[in-house]
Structure formats: structure tokens, C-alpha cells
Amino acid sequence: MKTYNHEKINRTPQEQLGLAKIQIMFEDSFGMFNANSGNMSYIQKEREKDKATNWIRSKDCEFFCDLAGTTQDHIIKLHDQLTYQYNTGKVTLEQVRFAIKKLELKI
């Protein structure tokens with residue numbers, strides 16, 4: 001198992017912006033929407049999850065990965081691993097949420 005340096009990482013504002021966008025899209029891909037999503041139907045929520053998952057493989061994501069100082073391939077790999085762990089029941093949604101919040105330690 002990999003260990004990560006848990007010290008605060010100094011990032012530029014551009015890197016922080018890129019990381020924040022990636023984290024939001026990770027959250028959306030797992031259905032962790034904001035408080036306003038309570039009015040969304042099941043179908044709308046599934047569409048939003050699919051849209052966020054597809055975004056991770058888009059040119060738009062590539063731009064934000066560059067801002068964050070990472071590669072899109074790395075982000076795709078992290079998302080695929082987290083999705084696999086969640087879908088196989090190895091981690092809970094709460095653990096997924098924690099992993100997304102700590103994403104900066106892996107890039």
C-alpha cells in the first residue's frame with residue numbers, strides 16, 4: 001500500500017482551481033450533489049452522474065488537469081480505481097467522499 005506525505009501542499013491559485021473542478025466532478029460522478037439536488041428525479045441524477053463520469057475523459061478535463069499540475073491519464077486511473085473499489089463494496093460512499101477530499105495528496 002502506498003503512503004502519502006500528509007503535509008499541506010502549497011499550490012498556486014491555478015492549481016487549486018484545477019483540483020477543485022476535478023474534485024467536484026468526482027463527487028458528481030458518485031452522486032454527491034449539492035443541496036439543490038433534492039428536487040432532481042432519479043433519472044436526472046443518473047444523467048448528471050453519467051455526465052460527470054464522461055467529463056473525466058473529455059478535453060475539458062484535460063484542461064483542468066493541466067491547471068492542477070497532473071495528467072488526465074492519472075486522473076482517469078484514480079477515478080477508475082475509486083469506482084471499482086466502490087462498485088465492489090470495498091469502500092463506502094463516505095470513504096469515497098474522504099478520498100476525493102484528499103485527492104490533492106495523490107497528484
Distance check, rounded to the nearest 0.5 Å: [X] atom [atom1] versus [Y] atom [atom2]?
X	Y	atom1	atom2	answer
Lys51	Arg47	NZ	CZ	10.0 Å
Ile107	Ile75	CD1	CD1	5.0 Å
Ser58	Gln72	OG	CD	6.5 Å
Asp50	Lys45	CG	NZ	14.5 Å
Thr53	Phe26	OG1	CZ	9.5 Å
Phe64	Trp55	CZ	CH2	6.0 Å

Identify the two heavy atoms, one from [X] and one from [Y], that lie closest to each other, and give their separation to 0.1 Å.
X	Y	result
Ala52	Ser29	CB-N, 3.5 Å
Ile76	Arg57	CG2-NH2, 3.3 Å
Ala68	Leu19	CB-N, 3.7 Å
Ile56	Cys61	O-SG, 3.4 Å
Met32	Asp28	O-OD1, 3.9 Å

Quick one: does [X]'s side chain have a donor or acceptor within less than 3.5 Å of a partner on [Y]'s backbone?
X	Y	result
Glu27	Phe33	no
Gln95	Thr92	yes
Gln23	Ile100	yes
Glu48	Ile43	no

Quiz item: Between Phe63 and Met25, is there a shared hydrophobic cluster once you connect ILVMFWY residues whose side-chain heavy atoms come closer than 4.5 Å?
Solution: yes
Quiz item: Going only through I, L, V, M, F, W and Y residues with side-chain contacts under 4.5 Å, is there a path from Val91 to Leu93?
Solution: yes
Quiz item: Which is it for Phe30 and His79 under the ring-ring contact (aromatic ring centres under 6.0 Å, His included) test, yes or no, and what are the steps along the way?
Solution: CA-CA 10 Å; Phe30 285 94; His79 186 266; 5.6 Å; yes
Quiz item: Should the pair Glu104-Arg11 be classified as a salt bridge under the 4.0 Å nitrogen-to-oxygen rule?
Solution: yes
Quiz item: So do the side chains of Cys65 and Thr71 get within less than 4.5 Å of each other, counting heavy atoms only?
Solution: no
Exercise. Measure the shortest side-chain to side-chain distance between Leu78 and His74 over non-hydrogen atoms and say whether it is less than 4.5 angstrom.
Key: yes
